[in-house]
Structures are given as C-alpha cells and as structure tokens.
Amino acid sequence: MDPMDPIVNLARSNQSSVEEFVLLGFSHVPRLMPILFVLFLGMFLITMLGNGLIVLLTLVDTGLHTPMYFFLRNLALVEICFSLDIVPRMLESLVSGRGISLMACALQLFLILSCVTSECFLLTVMAYDRYVAICHPLHYGVLMNQRLCLFLAVACWVAGVPVSLLFTIWLFHFPFCGPRGVRHFLCDVAPLLRLVCADTSVFETYILVATVLVLMVPFSLIAVSYGRVLAAVVRMPSATGRHKALSTCAAHLIVVALFYGTACVIHLQPKSSYSPESKQVVSLSYTLVTPMLNPIIYSLRNREVKSALARVLGRKKGVPR
C-alpha cells in the first residue's frame, strides 16, 4: 500500500473551498524573479552534481568503503531527495506562478519532514561513528560492522516516516477556507497554518513537542559523542595524533552547525513571530545553501575524498592518505 494514500484521500475529502494553493514566495520582488531563477538553478545543479559525486565516489572507490563514507553517501542521498522535492517546484513557481494541488502540497510537506528527520538521525549516527573511531579504535571494525551500519542507515531513512505521515494527515484534515496564497516558496507547516480556519492549538502543541524531540535529542547525542571525543583527544600524547583526530571530525561539525543553525529557526515555531519574508531568507539557506555546501565541505577538508576523485578521474598521482 502506498504510504501517501491516506494523505491523498484526506486532501480530496477535505471540506474546504480551497482546491489548490499558490506559492507566493517571491511575488513581492517580481523584478528579481529572472535573476533568482538563474541563481537558484545554478545552486541546484551544483547541489546535484556535488552530492551525486559523493555518492559515486563512495560506491566505486574501494578506499572509501568504510562506515564513515557509507553514512556520508546516505547523507548525500538525503540531500538529493530533499533538493528534488523542493527546488524544481520553486523554479516552476518563479517562471509560471502556477498553483499546487492539495495532494502535491501534502506530498511535498511529507517528504520535507521525512528528509529533515532522516538527516537529524544520520548526523547523529555519523557523530557516533567518529566517537567509536577515536575513542575505541582497536574495536572499531567489530563495533561498526557492516550489519550494524546497514541497520542504522535503514533506521535513519524510515524513522521519520510515521511521524511525518501523521502530522501531514492531521494538518490537511483541517479546513482551508481562507485565501489560497501560501506566503512561502514551499509547502511548510507555518505558512499552511496561516490558511487554516479552525483551532490549531492542539496541533501546534504536538508538532512543537515532536520537533523539539526530533531536533534536540539527536543534537544532545551529538554533543555527548563529541564531548567524549574531545576528552579522548586531550589525553592523546602526540600533537600529530590530536590534529589528525580533530581533522576527521571538522567537516561533520561544520555540517551539524549549518543544519541545526537554520533548522531550529525554521521548525521550532510553527507560527513564528518572524515575518514570512524573513523566514524565507532563512529557508533559502536551509533548502539551497546547506545541501550545496555539504559535499564541498567534505571534499575540501578530506584527503581521502580528493584522492578518490583523482583516482576516478584517472590521474596517476593522487593525494596520499
């Protein structure tokens, strides 16, 4: 059974005068829309190329067949899914301004919530991987075995599906009987709540609790993992060893900072006091900039990735690992 069937049925049976929404994300700057289209298209292509390259390298190069790069490949796949869910529709709205049906809007929201949840858990698993590698290096191969890595990856992908499905169905069960213009470039919880003509206080309470749990519990686990990593690094007698240990964590820490810095602003307040326009600026960094920067960060700061790229491109001389 298709997991989106309940959403489709509810969207169709929604007792509302609104049959479709119009994404108004950039309607307040009509003169900039052609420039924004070119800019966003370029960023989208860089995102797809960069993350696609990470997936390709970690698949074909045997030097990257390790747990760390296995999880990095999954993170790149999540970013690809996330971008494909949002950017093509955003580019279409910049060109044509056509509406989006309730069913398509519900599907987009469901995929956004699922991808965000998967990324939270993947970043947590990647932090745990670094903790095991640095704090228990002699047992790393046993603790991070292939079966466990596969289980953790599958768990990260499916963990957000039930909660995302529940809140998407719940939100689209409300009547949308007001204006059909969504003051955003995507179907997100906050702008959709503005169009609901019913009491949503219970929904907002529950989704806020769920968001805090999904964001803060993984973040706390990441903080604990890196707290123990830092303690282990401080005890290392060699400055070279300390530098090497910290360098393996640097890219991941930067990605965590980018992700949580924007995700908390976007998702922790369903009906935020911020204006829709200001939240859109933050959303752009969250939906376009971060997915584009992740592969760049990992590539620029990682010798193994650059060496694998050199080998795949057929260069005779690579960077030594």
Minimum heavy-atom distance between [X] and [Y], given as atom pair plus value:
X	Y	answer
Leu143	Leu148	O-CD2, 2.9 Å
Ser101	Glu20	CA-CB, 4.0 Å
Ala159	Thr117	C-CG2, 4.5 Å
Phe176	Leu171	CZ-O, 3.7 Å

Between [X] and [Y] (side chain of the first, backbone of the second, donor and acceptor by atom type, cut-off under 3.5 Å), is there such a pair?
X	Y	result
Thr168	Leu165	no
Ser118	Cys156	yes
Asn51	Thr47	yes
Arg73	Thr58	yes
Glu79	Met292	no

Would you give the length of the straight line joining atom [atom1] of [X] to atom [atom2] of [Y], rounded to the nearest 0.5 angstrom?
X	Y	atom1	atom2	result
Leu253	Met126	CG	CE	10.5 Å
Leu102	Cys187	CG	SG	8.5 Å
Leu36	Leu284	CG	CG	8.0 Å
Leu293	Leu288	CG	CG	10.5 Å
Leu150	Arg147	CG	CZ	9.5 Å
Phe44	Ser83	CZ	OG	6.5 Å

Practice problem: If a pair satisfies disulfide (SG to SG under 2.5 Å) and one of its residues is in residues 37-83, list it, with sequence neighbours excluded. | Solution: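 Pairs touching residues 37-83 that pass the test: none.
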Exercise. Please work out which of the three classes, parallel, tilted or perpendicular, describes the rings of Tyr286 and Phe259, given edges at 30° and 60°.
Key: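 Because their plane-to-plane angle lies in the 30° to 60° range, the rings of Phe259 and Tyr286 count as tilted.
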Quiz item: Hey, what's the ring geometry for Phe203 with Phe174, parallel, tilted or perpendicular (30° and 60° as the breaks)?
Solution: perpendicular
Practice problem: Check the pair Val161, Phe110 against side-chain contact (heavy atoms from CB on, under 4.5 Å), reporting the backbone distance first and the verdict last. | Solution: CA-CA 8 Å; Val161 171; Phe110 168 76; 4.0 Å; yes
Quiz item: For the residue pair His65 and Phe70, is the inter-centroid distance of their aromatic rings smaller than 6.0 Å?
Solution: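 Centroid distance His65-Phe70: not below 6.0 Å, so no.
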Quiz prompt | Within the 6.0 Å centroid threshold, strictly below: Phe26 and Phe40 | solution =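 Centroid separation for Phe26 and Phe40: below 6.0 Å.
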Self-check item: Derivation and outcome, side-chain contact (heavy atoms from CB on, under 4.5 Å), residues Tyr298 and Leu75
Solution: CA-CA 11 Å; Tyr298 276 103; Leu75 179 65; 4.3 Å; yes
Quiz item: Does the side-chain contact (heavy atoms from CB on, under 4.5 Å) test come out yes or no for Phe172 and Met103, once each step is laid out?
Solution: CA-CA 9 Å; Phe172 278 81; Met103 182 175 64; over 6 Å; no
Quiz prompt | Matching residue for Glu119 among Leu123, Val116, Leu122 - test: side-chain contact (heavy atoms from CB on, under 4.5 Å) | solution = Leu123
Quiz item: Under a single-linkage definition using a 4.5 Å side-chain heavy-atom cutoff for Ile, Leu, Val, Met, Phe, Trp and Tyr, are Val87 and Leu24 assigned to the same hydrophobic cluster?
Solution: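 No, Val87 does not connect to Leu24 through the hydrophobic network.
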Quiz item: Same hydrophobic cluster for Met48 and Val255, using side-chain heavy-atom links shorter than 4.5 Å among ILVMFWY?
Solution: yes
Quiz item: Given Leu109 and Asp188, is the side-chain contact (heavy atoms from CB on, under 4.5 Å) satisfied, shown in steps?
Solution: CA-CA 6 Å; Leu109 176 62; Asp188 204 358; 4.1 Å; yes
Quiz item: Can you name the residues that form a side-chain contact (heavy atoms from CB on, under 4.5 Å) with Leu213, not counting sequence neighbours?
Solution: Val209, Val217
Quiz item: Are Met90 and Leu186 close enough that some pair of their side-chain heavy atoms sits under 4.5 Å apart?
Solution: no
Quiz item: Does the side chain of Phe185 come within less than 4.5 Å of Leu23's, by heavy atoms?
Solution: no
Quiz item: With sequence neighbours left out, which residue pairs that include part of residues 204-253 fulfil the ring-ring contact (aromatic ring centres under 6.0 Å, His included) condition?
Solution: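 Every ring-ring contact (aromatic ring centres under 6.0 Å, His included) pair that includes a residue of residues 204-253, provided the two are not neighbours, is Trp170-Tyr206, Phe219-Tyr260, Tyr226-His252.
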